[in-house]
Amino acid sequence: MKRSMSVLLGALACASAPIMIPHATAENADALSQLDPLFPTGDYTACSGNLMASAKHPGHATTGRARVERVLGGQWITIRYDEDRTAANPQPYSVVQYIRYDAAGKRFATVVLDNTRSGAPYSTGVSSGLNGSTMTFDETLAGDQESKYRDTFTKDGDTFTHTGTVLDKDKKWVKTDEETCRKS
């Protein structure tokens, strides 16, 4: 009985103790603030670009809008981009890209979710950070370590440009799309 009571009291003490979840570090916040010049928060309503032709789809011009914001206590940057539906673009592309500093790896990490991938609904990637006014993420699709992608963001005044590339079978980077967005 004495042993059962000790076990019961120990279990109750553990159950009532707060669960310790590590909070965001100052290192993460400082590193993420380095990206403020590249990704100022706000709406970008004047986006235009091109989707390059491929074996899966014809190329066409695109228009759309983007929104950049800090979420989850300011610890993540999100970039949401939505293309407009047009006659040339009957299945517009939509994507949400999350960016955070990975203190353990001393790099930035990204998770990309979009509406086009049926077999691999997301990709993950990493970046060493800003190189002047440019940042590039090297990414792989979930469950497909062979497919390699790059998202490159470049800031120029009140616009930012996104360029997507894929590593082809000849191990050359081929442009898949490019969009330039102007802040509203």
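All values below come from the heavy atoms of this structure, side chains included, with hydrogens, waters and symmetry mates left out. This is a predicted model, so every value here is computed, not measured.
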| request: Assess whether side chain to side chain contact (heavy atoms under 4.5 Å, CB included) is satisfied between Phe39 and Ile99, documenting all intermediate values. | output: CA-CA 10 Å; Phe39 301 116; Ile99 300 168; 4.0 Å; yes
| request: If a pair satisfies ring pair (Phe, Tyr, Trp, His ring centres under 6.0 Å) and one of its residues is in residues 60-82, list it, with sequence neighbours excluded. | output: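 Every candidate ring pair (Phe, Tyr, Trp, His ring centres under 6.0 Å) pair involving residues 60-82 fails, so no pair, neighbours aside, qualifies.
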| Considering all heavy atoms of both residues, which atom of Pro37 and which atom of Ser33 are nearest to each other, and what is their separation? |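 Smallest heavy-atom distance, with atoms named: CD-O, 4.1 Å.
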Can you check whether [X] reaches [Y] side chain to side chain, under 4.5 Å on heavy atoms?
X      : Y      : answer
Gln97  : Asp114 : no
Leu35  : Phe108 : yes
Lys155 : Pro40  : yes

| request: With sequence neighbours excluded, give me every salt bridge (Lys or Arg N to Asp or Glu O under 4.0 Å) pair touching residues 122-138. | output: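 Listed once each, the pairs are Asp138-Arg150.
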| message | Filter on salt bridge (Lys or Arg N to Asp or Glu O under 4.0 Å), then keep only pairs touching residues 162-177, sequence neighbours left out; what's left? | response |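 The answer is Lys175-Glu178.
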Would you say [X]'s side chain and [Y]'s backbone share a donor-acceptor pair under 3.5 angstrom?
X      : Y      : answer
Thr45  : Ser184 : no
Asn50  : Met52  : no
Thr110 : Tyr98  : yes
Glu83  : Tyr93  : yes
Asn115 : Ser94  : yes
Ser127 : Thr136 : yes

| task | Could you tell me which residues satisfy side chain to side chain contact (heavy atoms under 4.5 Å, CB included) with Arg85, sequence neighbours excluded, listed by chain and number? | result |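 In terms of side chain to side chain contact (heavy atoms under 4.5 Å, CB included), with neighbours along the sequence ignored, Arg85 is linked to Pro92.
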| Under the side chain to side chain contact (heavy atoms under 4.5 Å, CB included) test, residues paired with Asp156 that sit two or more places apart |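 Here the qualifying residues are Thr159.
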| message | Assess whether a salt bridge exists between Lys183 and Asp158, defined as any Lys/Arg side-chain N lying under 4.0 Å from an Asp/Glu carboxylate O. | response |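 Judged by the 4.0 Å cut-off on N to carboxylate O distance, Lys183 and Asp158 do not form a salt bridge.
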| Honestly curious: do Leu130 and Leu32 fall in one hydrophobic cluster under the side-chain, below-4.5 Å linking rule? |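 Yes; tracing contacts between hydrophobic side chains, which count when under 4.5 Å, links both residues.
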| Pairwise distance CG(Asp84) to OG1(Thr62) - rounded to 0.5 angstrom |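 Output value for this atom pair is 9.0 Å.
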| task | Quick one: sort the Phe160 and Phe153 rings into parallel, tilted or perpendicular, breaks at 30° and 60°. | result |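 Phe160 and Phe153: tilted rings.
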| query | For Thr86, what residues pass the side chain to side chain donor-acceptor pair (under 3.5 Å) criterion, not counting sequence neighbours? | reply |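 With neighbours one apart ignored, the set is empty.
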| So, Thr180 versus Thr161: side-chain donor-acceptor pair below 3.5 Å or not? |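 Judged by distance alone, the side chains do pair up.
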